[in-house]
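Since the structure comes first, as structure tokens, the remarks are kept for the end.
So you know, we letter chains A, B, ... as the sequences are listed, proteins then strands, and number each from 1. Remember, it's a predicted structure, so these values are computed and weren't measured experimentally.
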There are 4 protein chains.
Amino acid sequence: MGTIGRPRSKSAHEAILKSALRLVAKRGFRAVSMNEIAADAGVGKMTIYRHWPNKAAVVMDSLLELIGNETAFPEAGNALESLRRQLHLQAAFFRSSRGNLIRSLVSEAQSDPELATAFRDRWLYPRRDDVRQNIKAAILEGSLRDDFNIDTAIDQLYGSLYYRLLLGSGVLNEQFIEDTYQQFLTGHQARLAVRKTPKSA
Amino acid sequence: MGTIGRPRSKSAHEAILKSALRLVAKRGFRAVSMNEIAADAGVGKMTIYRHWPNKAAVVMDSLLELIGNETAFPEAGNALESLRRQLHLQAAFFRSSRGNLIRSLVSEAQSDPELATAFRDRWLYPRRDDVRQNIKAAILEGSLRDDFNIDTAIDQLYGSLYYRLLLGSGVLNEQFIEDTYQQFLTGHQARLAVRKTPKSA
Amino acid sequence: MGTIGRPRSKSAHEAILKSALRLVAKRGFRAVSMNEIAADAGVGKMTIYRHWPNKAAVVMDSLLELIGNETAFPEAGNALESLRRQLHLQAAFFRSSRGNLIRSLVSEAQSDPELATAFRDRWLYPRRDDVRQNIKAAILEGSLRDDFNIDTAIDQLYGSLYYRLLLGSGVLNEQFIEDTYQQFLTGHQARLAVRKTPKSA
Amino acid sequence: MGTIGRPRSKSAHEAILKSALRLVAKRGFRAVSMNEIAADAGVGKMTIYRHWPNKAAVVMDSLLELIGNETAFPEAGNALESLRRQLHLQAAFFRSSRGNLIRSLVSEAQSDPELATAFRDRWLYPRRDDVRQNIKAAILEGSLRDDFNIDTAIDQLYGSLYYRLLLGSGVLNEQFIEDTYQQFLTGHQARLAVRKTPKSA
DNA sequence: CATTAATCGAGACGGTACGTCCAGTCTTTAA
DNA sequence: TTAAAGACTGGACGTACCGTCTCGATTAATG
């Protein structure tokens with residue numbers, strides 16, 4: 001049933017998200033003001049505040065609506081390989097300018113409990129669910145053991161990626177991802193009759 | 001060499017750090033203003049800026065000077081056990097109100113490159129050096145293998161702790177630490193003649 | 001020539017004027033928003049702007065259409081007495097909540113030349129014309145001299161009323177009106193027996 | 001006794017007043033924003049709000065501190081002549097760009113009771129006191145009668161000037177002032193030889 | 001009677017100014 | 001010279017309102 005009054009402008013909505021995404025990815029969250037986003041989107045500031053409660057919420061939505069599925073699990077012959085490729089996708093995503101969005105949102109979430117909840121519920125947990133599904137599939141395929149705590153394993157796998165993104169202690173390159181994946185395998189791979197030496201650099 | 005004029009107040013310096021620590025630990029970085037810290041410390045705002053360049057630097061120093069060694073490696077029979085206990089110390093530290101300092105500084109560092117560098121050079125890397133020394137000791141003791149990339153291993157070990165601190169996806173409890181430690185062992189422990197079953201919840 | 005389409009709602013027109021009059025008289029021009037008038041009148045904001053160009057125009061019309069003739073010259077035995085009574089009517093009008101409309105419009109007219117012109121052409125000058133007619137009648141009746149500048153005399157008569165309305169330097173009570181009327185008489189009344197030099201252009 | 005802390009900047013204070021005066025006199029109250037005044041004065045907006053509660057208060061002070069005595073009673077041989085000249089001064093003041101300040105303040109005062117009180121207490125009443133002193137002097141000099149209500153007489157004298165300033169019904173030229181002055185004389189001048197019934201309270 | 005076209009209530013829109021807040025700097029007097 | 005106190009510039013914030021625009025629904029006069 002249609003509501004009365006002028007409907008919200010879909011084009012304004014999208015223009016705001018695109019401007020926010022572009023500006024924040026390029027210059028960072030704090031360096032971009034609401035006035036600037038509004039001007040860039042050709043929109044009144046009140047329109048932004050009518051759609052979102054604050055800057056963080058705008059950026060949160062621009063992440064979800066515009067680039068939400070860049071890190072989806074890719075097709076591969078089996079679950080384990082799909083997981084491996086997704087880790088590389090995630091690293092590439094973090095290395096790109098999009099990584100600024102994640103850094104900004106995690107940063108703001110430290111002083112904004114509502115944003116923290118939103119980030120978890122709308123970004124983190126859905127992606128963790130995907131990972132969990134993938135791991136369960138790998139278990140069913142017989143590639144992984146079935147006696148470990150999946151949530152803990154996920155934290156170990158992805159924790160190091162977020163760590164390098166946020167702390168900058170090292171580069172998120174291919175080798176690092178490969179090592180992390182292998183370390184995960186070492187701990188959780190199903191035991192075969194024969195077993196080789198695990199590896200790392 | 002005798003200085004002219006009124007000497008700097010050492011008590012002011014400490015009062016500022018204590019106020020900053022207390023207020024930021026309780027209410028968070030963003031919610032605390034410089035005026036408030038100055039007032040709480042019974043000090044003029046200029047005195048703060050004469051000692052530190054900005055708010056983040058004050059909090060950085062309050063972390064280092066007041067509670068810097070709460071996570072030092074404890075004595076234990078061997079290097080591995082010392083590492084295990086340190087992981088538990090670090091988790092306790094993160095769970096306490098002090099965790100707010102780390103969260104605040106990492107958060108601010110996302111938009112302040114100088115702070116990012118300072119945080120790495122003065123907090124992160126010294127502690128990583130300790131971990132590295134410990135791991136090398138464990139290698140020498142024959143408890144760990146000697147063919148892995150230590151920096152990557154450190155990221156895997158501590159990344160999940162920072163992840164839970166900053167993302168709030170799960171509790172930093174004893175079990176989580178124990179699992180993380182075991183997963184590290186699984187991947188890096190020296191192969192003995194006999195081997196037990198690794199574990200997890 | 002018949003117009004096409006839905007005709008303008010006369011009831012909406014009147015409801016708007018009544019709401020504007022009531023709200024502005026009670027709370028003042030600036031304190032009342034167009035949204036509020038629209039809501040009070042049970043009308044869409046666009047309907048107001050389809051009938052009038054801006055808020056001042058609405059209030060201007062509410063003054064003219066609803067209470068325009070409260071200060072008309074009353075019947076009396078002669079022109080002078082009619083003038084005297086009209087001055088008292090005008091004072092009563094200014095003292096009432098209707099005075100707020102005049103104050104509001106004069107106030108807005110200071111920064112809105114179009115409104116200033118409209119206020120003069122539609123409110124001020126018609127009433128000055130009435131006064132002028134009355135004075136001319138009094139001259140014809142032999143009660144007033146015929147050698148003074150009528151416009152200047154009107155400004156002197158009514159200027160003090162507007163002055164007290166807008167500046168609030170004193171009350172617009174009966175005595176003040178009576179004194180003002182007498183001062184006018186002193187200067188412009190026809191000489192009964194002997195008289196000295198008249199004055200003015 | 002000197003207070004502690006940095007004292008308010010006298011130069012900033014004056015720069016603000018001068019900018020406000022210049023801009024408002026030229027373009028009018030509503031057309032000038034606080035940001036603009038701040039920028040023109042080379043001052044932060046907070047400094048303005050630290051010295052005054054709102055724009056009207058700034059303009060009020062710029063009127064009083066910068067051009068307050070342009071309408072002071074000039075020296076003349078006698079009180080009546082001084083009054084006559086002051087009327088001409090006042091008219092010239094109203095005709096000049098300074099008249100915009102008076103118009104602005106009276107306009108804003110219609111919706112700002114505090115400003116209304118301030119305008120009366122700080123601008124209007126002091127000047128009325130001067131007029132009252134002058135009239136009393138003229139009475140003592142024997143030029144004016146002593147049996148009329150002075151406040152009413154002042155309203156009649158100056159009311160017409162404010163009326164033409166605010167309503168724009170006619171020009172504030174020399175002739176108008178002269179007529180107004182003569183009308184005042186007619187009603188209040190002391191009778192030279194023979195005299196009939198006086199008038200008014 | 002169906003069509004047409006301007007109106008209606010509702011409310012989102014672009015734009016502009018407001019008044020508040022805080023970071024980091026500067027300027028006093030006192031010690 | 002340094003201290004406490006607090007005023008300073010600069011700039012972002014979130015709110016309010018104006019006057020315009022856009023919906024779906026209504027309402028005469030026209031065809």
Side-chain angles (χ1 to χ4, degrees), chain A residues 1-9 11-13 30-36 38-39 41-51 53-55, chain B residues 3-9 11-12 30-36 38-39 41-56, chain C residues 2-9 11-12 30-36 38-39 41-56, chain D residues 1-13 30-36 38-39 41-51 53-55:
Chain A
M1 197 237 334
T3 57
I4 36 187
R6 178 176 177 175
R8 298 226 170 150
S9 162
S11 67
H13 188 94
R30 300 284 273 276
V32 176
S33 73
M34 287 299 247
N35 270 329
E36 203 173 352
V43 143
K45 191 157 40 154
M46 262 316 288
T47 299
I48 305 185
Y49 283 105
R50 209 176 286 113
H51 291 235
N54 51 52
K55 186 165 44 154
Chain B
T3 55
I4 300 181
R6 181 170 176 173
R8 290 202 177 178
S9 162
S11 67
R30 298 286 274 278
V32 176
S33 73
M34 286 299 251
N35 274 330
E36 205 174 351
V43 141
K45 193 158 41 154
M46 247 332 269
T47 301
I48 304 186
Y49 282 102
R50 213 175 282 116
H51 292 238
W52 296 274
N54 52 50
K55 181 159 62 148
Chain C
T3 56
I4 301 182
R6 179 175 176 173
R8 295 204 173 170
S9 160
S11 67
R30 299 284 275 278
V32 176
S33 73
M34 285 300 249
N35 274 329
E36 205 174 350
V43 142
K45 193 156 43 150
M46 239 344 255
T47 302
I48 304 186
Y49 282 102
R50 212 175 282 114
H51 291 235
W52 296 274
N54 52 49
K55 180 160 61 150
Chain D
M1 195 230 346
T3 56
I4 35 185
R6 179 176 178 175
R8 299 228 171 145
S9 163
K10 196 173 175 180
S11 68
H13 188 94
R30 300 284 273 276
V32 176
S33 74
M34 286 298 248
N35 270 331
E36 204 174 351
V43 142
K45 191 157 40 154
M46 262 315 287
T47 300
I48 304 186
Y49 282 105
R50 207 177 286 112
H51 289 236
N54 51 51
K55 188 167 41 155

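Regarding R8(C), its CZ atom lies at a distance of 9 Å from the C1' atom of dA6(E), rounded to whole Å. Between N54(B) atom CG and dC22(E) atom C1' there is a gap of 14 Å when expressed in whole angstrom units. One can place CH2 of W52(B) at 16 Å from P of dA23(E), the figure rounded to the nearest angstrom. Rounded to an integer number of Å, the gap from CD of E36(C) to C1' of dG11(E) is 17 Å. Going from atom CE of M34(C) over to atom P of dA12(E) covers 18 Å, rounded to whole Å. Rounding to whole angstrom units, CZ of residue R30(B) and C1' of dA12(F) are separated by 12 Å. Separating the NZ atom of K45(A) from the P atom of dG15(E) is a distance of 13 Å, rounded to the nearest angstrom. In this structure, CD1 of I48(C) is placed 12 Å from C1' of dC18(F), rounded to the nearest angstrom.
Note on H13(A): nothing from the nucleic acid sits closer than 4.0 angstrom, heavy atoms only. Within the nucleic acid shown, T47(D) comes within 4.0 Å of at least one base atom, counting heavy atoms only. Backbone-only contact: K55(A) has heavy atoms under 4.0 Å from sugar-phosphate atoms and none from a base. Contact annotation for R50(A): base contact, defined as any heavy-atom pair under 4.0 Å involving a base atom.
The shortest heavy-atom contact between K55(A) and V32(A) is NZ-O, 2.6 Å. Taking both residues in full, the closest heavy atoms of A38(A) and G44(A) are given as CB-C, 4.3 Å, listed atom of the first, atom of the second, then distance. I48(B) and M34(B) make their closest contact through CG2-CE, 3.7 Å (heavy atoms, listed as atom of the first residue, atom of the second, distance).
The residue among V43(D) and Y49(A) whose nearest nucleotide of DNA chain F is located toward the 5' end is V43(D). Between M46(D) and G5(C), the residue anchored nearer the 5' end of DNA chain F, judged by the nucleotide with its closest heavy atom, is M46(D). If A41(C) and P7(D) are placed on DNA chain E by their nearest nucleotide, the residue sitting closer to the 5' end is A41(C). Each of P53(D) and S33(B) has a nearest nucleotide on DNA chain E; the 5'-most of these lies closest to P53(D).
Note on H51(D): every side-chain N or O is 4.0 Å or more away from OP1 and OP2 of dA7(F).
Proximity of a side-chain donor or acceptor of R8(D) to a complementary backbone N or O of R50(D) within less than 3.5 Å is detected.
Nearest to the side chain of R6(D), among dC13(F), dC8(F), dG10(F), sits dC8(F).
H51(A) NE2 to M46(A) CE: the interatomic distance, rounded to the nearest 0.5 Å, is 10.0 Å.
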